[in-house]
Number of protein chains: 2
Amino acid sequence: MRHSAQRDTILRIVKDAHDHPTADTIYSRVREEIPNISLGTVYRNLKSLSDMGEVDTMETLDKSIHYDGNTVTHRHFICRECSHIIDLFFECKIPEEFHSLGLLVESQKTIYYGLCPDCQRQKAQ
Amino acid sequence: MRHSAQRDTILRIVKDAHDHPTADTIYSRVREEIPNISLGTVYRNLKSLSDMGEVDTMETLDKSIHYDGNTVTHRHFICRECSHIIDLFFECKIPEEFHSLGLLVESQKTIYYGLCPDCQRQKAQ
DNA sequence: CTCCCAAGTAGTAATAGTTACTGTTATTAT
DNA sequence: ATAATAACAGTAACTATTACTACTTGGGAG
């Protein structure tokens, strides 16, 4: 894989982001540094960065992919009201049962859905 | 909500399916019974059935939504080689930590990725 | 039972997110 | 420095899904 300024910038911006941005959001942030970058370049590099394990992806109820620069295993909570995404660094053990089923687990993605504290308060009023 | 033959059929077919079909797959199955049903009708009803909690959805690495007629809380394993989806009925406890964070969890979706027994064998050869 | 009308439908157009293509640019091995 | 080719910008194409519109149908009121 050849070096490219575009991919460097994309990776840095995803690593710096803590809001699980979509490709389009990443595109507009990268454009502040590289104004004429192509959206296709952003998608292509996000895909290769994801394949290389440099970034993680989240598939949510909205139809766009969210990217996560934090590749440490963790889970997510999404508020059904405000769509805010919260990172959860609880322990993520692979249950014993996988062995007996002969399943080799390489990664896992968990999303919890519900209400965040702020939205619970608003609902209560 | 008014009764409709189309929705009844769609729900029955999703409940009978055990392969987590996409809207398009469901469409072709429903067409065997209602040949002139519209794809839009399938999408619209899958959405309302999902809103009503009659079916569950799965957002996977491929970009289409998979539907699950089994609404008992469970998790999924997807093989990265053959894309086979396996249902897992292990216990799905909500960790204690959510309370201290003030997060109200209403549902959860977990997908494990890895290799199924068959694909592990093929890789070993 | 019949009539009415809103909810539902078929068919089609539109949209959004993503990927593919094409000619040009830039990285890196020689 | 030069050649080979990976990566790029710009644009077209694709796929899954949603929206729209005129027509149909379920089911309650009379």
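Residue numbering restarts at 1 for every chain, and letters A, B, ... go by the order of the sequence lines.
- A:Arg7 comes within contact range of the sugar-phosphate backbone alone, with a heavy-atom separation under 4.0 Å but no base atom that close.
- Looking at heavy-atom distances under 4.0 Å, A:Ile65 makes contact with sugar-phosphate atoms alone, never a base.
- Ion pairing between a basic and an acidic side chain is recognised when a charged N comes within 4.0 Å of a carboxylate O; B:Lys109 and B:Glu59 show such pairing.
- Picking from D:dA9, D:dT5, D:dT18 the nucleotide with the shortest atom distance to the side chain of A:Ile37 gives D:dA9.
- A:Asp24 comes within 4.0 angstrom of no nucleic acid atom, judged by non-hydrogen atoms across all strands.
- A donor and an acceptor atom never sit less than 3.5 Å apart when one is taken from the side chain of A:Arg44 and the other from the base of D:dA7.
- Each of C:dT19, D:dT17, C:dT9 was ranked by its minimum atom distance to the side chain of A:Tyr43; first place goes to C:dT19.
- Side-chain proximity of A:Ser4 to C:dA10, D:dC8, C:dG8: nearest is D:dC8.
- With hydrogens and angles ignored, no donor-acceptor pair closer than 3.5 Å exists between the side chain of A:Ser64 and the base of C:dG17.
- Atom C1' of nucleotide D:dT15 and atom NE2 of B:His66 are separated by 14 Å, given to the nearest angstrom.
- More than 12 heavy atoms of other residues, nucleotides or ligands lie within 6.0 Å of CD in B:Glu106, so this atom counts as buried by the packing criterion.
- Looking at the side chain of B:Lys63, the nearest of the listed nucleotides C:dT18, D:dC8, C:dA10 is C:dT18.
- Taking every side-chain heavy atom of A:Leu39 into account, C:dT18 is the closest of D:dA9, C:dT27, C:dT18.
- With hydrogens and angles ignored, a donor-acceptor pair closer than 3.5 Å exists between the side chain of B:Ser38 and the base of C:dG11.
- A straight line from OH of B:Tyr27 to P of D:dA16 spans 14 Å, rounded to a whole angstrom.
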